[in-house]
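Quick caveat, the model's predicted, so the values are computed rather than measured.
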Amino acid sequence: MADASLTALYQDIILDHYRRPRNKGTLEHATISVPMRNPFCGDEITLELEMNGDQISDVRFTGRGCSISQASTSMMTEMVKGKHVSEIGHIGERFRAMIMGDADAATDDALGKARALAGVARFPARVKCALLAWNALERGLAQSAEQNTAETRDTET
Ligand code: ZN
């Protein structure tokens, strides 16, 4: 595929997720809620997770901002829903590598449609927009791990 048409296709995927975001809204039984802002661009999201042990049984987000930040969040929620923390760590690492310009990561099937964001690597100012969702997810999973540790401690004593 010629470079121009590939770029157009990627543009379409990004705009589709921006206009019709997946998993947008709030969760009735969220166990984790993480607000995250990118002051450089004015993007803000709140990510809600419903954790079942180390599995994300459901995920939603609310927020507003540029198309990159909102489309990236929409794609991220699709990718991690139903997955275990161990699988998510790998996907998150590959996504970060792709956004930082790693050409191998940009062709990694594990990233699915999120590969449409590979072009962000050429625009350093937009890197924080693309990573906002993944930073929120990372913080959320860290909080969840803390909760699990606290619960284990409580049952032991
Ligand atoms: Zn942005």
Side-chain angles (χ1 to χ4, degrees), residues 1-27 30 32-52 54-144:
M1 201 183 294
D3 214 16
S5 55
L6 188 65
T7 304
L9 170 71
Y10 281 179
Q11 212 76 37
D12 283 350
I13 295 172
I14 293 167
L15 281 177
D16 177 51
H17 274 265
Y18 178 57
R19 291 182 181 139
R20 298 189 306 116
R22 321 300 198 266
N23 301 307
K24 188 138 190 204
T26 54
L27 285 176
I32 299 284
S33 175
V34 185
M36 187 73 72
R37 294 177 59 237
N38 169 22
F40 298 97
C41 181
D43 310 316
E44 47 188 52
I45 58 167
T46 297
L47 186 68
E48 291 192 350
L49 303 174
E50 186 180 328
M51 300 298 295
N52 178 15
D54 72 344
Q55 185 185 20
I56 298 181
S57 47
D58 212 348
V59 53
R60 293 281 191 285
F61 79 101
T62 54
R64 58 205 169 102
C66 70
S67 55
I68 300 289
S69 69
Q70 303 302 305
S72 176
T73 309
S74 170
M75 290 174 187
M76 182 277 284
T77 61
E78 271 197 326
M79 287 165 78
V80 303
K81 196 171 183 173
K83 290 213 166 65
H84 290 270
V85 170
S86 53
E87 307 167 75
I88 294 164
H90 172 72
I91 299 170
E93 266 173 41
R94 297 300 280 164
F95 184 81
R96 265 174 215 282
M98 177 185 79
I99 294 297
M100 301 315 283
D102 184 324
D104 279 347
T107 60
D108 194 329
D109 287 340
L111 293 181
K113 274 189 287 181
R115 284 173 298 182
L117 291 166
V120 170
R122 293 196 304 270
F123 304 97
R126 313 309 297 278
V127 163
K128 286 192 166 70
C129 306
L131 292 181
L132 184 68
W134 290 90
N135 290 339
L137 179 67
E138 208 165 89
R139 186 176 295 181
L141 293 179
Q143 283 175 12
S144 173

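- Remark: side-chain polar atoms of Glu48 are not paired, donor with acceptor, to backbone N or O of Ser33 under 3.5 angstrom.
- Contacts of Asp16 classified as salt bridge (Lys or Arg N to Asp or Glu O under 4.0 Å), with partners at least two apart in sequence or in another chain: Arg20, Arg22.
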Problem - Thr46 and Phe61: CA distance, side-chain angles, deciding distance, side chain to side chain contact (heavy atoms under 4.5 Å, CB included) verdict - result: CA-CA 6 Å; Thr46 297; Phe61 79 101; over 6 Å; no
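- With rounding to the nearest 0.5 Å, the separation of CG in Leu137 from OG1 in Thr77 is 10.0 Å.
- Smallest separation of non-hydrogen atoms from Leu132 and Ser69: CD2-CB, 4.4 Å.
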Exercise for the section: Given side chain to side chain contact (heavy atoms under 4.5 Å, CB included), test Ile68 with Asp43 step by step and report yes or no. Expected result: CA-CA 9 Å; Ile68 300 289; Asp43 310 316; over 6 Å; no
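- Contact check for Leu141 versus Met51: side-chain heavy atoms found under the 4.5 Å cut-off.
- Going from atom CD1 of Ile91 over to atom CG of Leu111 covers 7.5 Å, rounded to the nearest 0.5 Å.
- Scanning for salt bridge (Lys or Arg N to Asp or Glu O under 4.0 Å) contacts around Lys113 gives Glu78, with sequence neighbours left out.
- For the residue pair Ala121 and Met100, the shortest heavy atom distance occurs at CB-C, 4.3 Å.
- Side-chain N or O atoms of Glu87 include one that pairs as donor or acceptor with a backbone N or O of His84 at under 3.5 Å.
- Residues forming a side-chain hydrogen bond (donor to acceptor under 3.5 Å, both in side chains) with Asp104 (at least two apart in sequence, or on another chain): none.
- Considering only heavy atoms from C-beta on, Ile13 stays 4.5 Å or farther from Leu117 through its side chain.
- Among residue pairs with one or both ends in residues 120-133, none qualify as side chain to side chain donor-acceptor pair (under 3.5 Å); sequence neighbours excluded.
- Considering all non-hydrogen atoms of both residues, Ile45 and Ala136 come closest at CD1-CB, 4.0 Å.
- Between Met75 and Ala114, the closest heavy-atom pair is SD-CA, 3.6 Å.
- Legend: residues meeting salt bridge (Lys or Arg N to Asp or Glu O under 4.0 Å) with Asp108, ordered by chain and number and at least two apart, are Arg94.
- With contacts defined as side-chain heavy-atom distances shorter than 4.5 Å, the pair Leu131/Ile99 qualifies.
- Not a single side chain to side chain contact (heavy atoms under 4.5 Å, CB included) links Asp12 to another residue, sequence neighbours left out.
- Under the side chain to side chain contact (heavy atoms under 4.5 Å, CB included) criterion, Glu44 pairs with Arg37, Arg64, sequence neighbours left out.
- Under the side-chain hydrogen bond (donor to acceptor under 3.5 Å, both in side chains) criterion, His90 pairs with no residue at all, not counting sequence neighbours.
- Contact of the Ile56 side chain with the Glu50 side chain is not registered, since no non-hydrogen atoms from C-beta on lie closer than 4.5 Å.
- When all heavy atoms are compared, the tightest approach of Ala105 to Ala97 is CB-CB, 4.0 Å.
- Annotation: side chain of Trp134 is in contact with side chain of Val80 (closest heavy-atom distance under 4.5 Å).
- With sequence neighbours excluded, the residues forming a side chain to side chain contact (heavy atoms under 4.5 Å, CB included) with Lys81 are Asn23, Asp58, Val59, Arg60, listed by chain and number.
- Residues Ser72 and Phe95 have side chains in contact (heavy-atom distance under 4.5 Å, counting atoms from C-beta outward).
- Checked against Cys129 for a side-chain contact (heavy atoms from CB on, under 4.5 Å), the options Thr73, Val120, Asn38 give a single hit: Asn38.
- Considering every non-hydrogen atom in both Tyr18 and Gln70, the closest pair reads CD1-CB, 3.8 Å.
- The side-chain hydrogen bond (donor to acceptor under 3.5 Å, both in side chains) check on Glu138 picks up Arg96, with sequence neighbours excluded.
- The side chain to side chain contact (heavy atoms under 4.5 Å, CB included) check on Thr107 picks up nothing, with sequence neighbours excluded.
- The shortest side-chain heavy-atom distance between Arg139 and Met36 falls under the 4.5 Å cut-off.
- Atom CD1 of Ile14 sits about 11.5 Å away from atom OG of Ser74, to the nearest 0.5 Å.
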Handout entry: From CA spacing to verdict: side chain to side chain contact (heavy atoms under 4.5 Å, CB included), Met76, Leu47
Key = CA-CA 11 Å; Met76 182 277 284; Leu47 186 68; 3.8 Å; yes
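- In this structure Lys83 satisfies the salt bridge (Lys or Arg N to Asp or Glu O under 4.0 Å) test with no other residue, sequence neighbours excluded.
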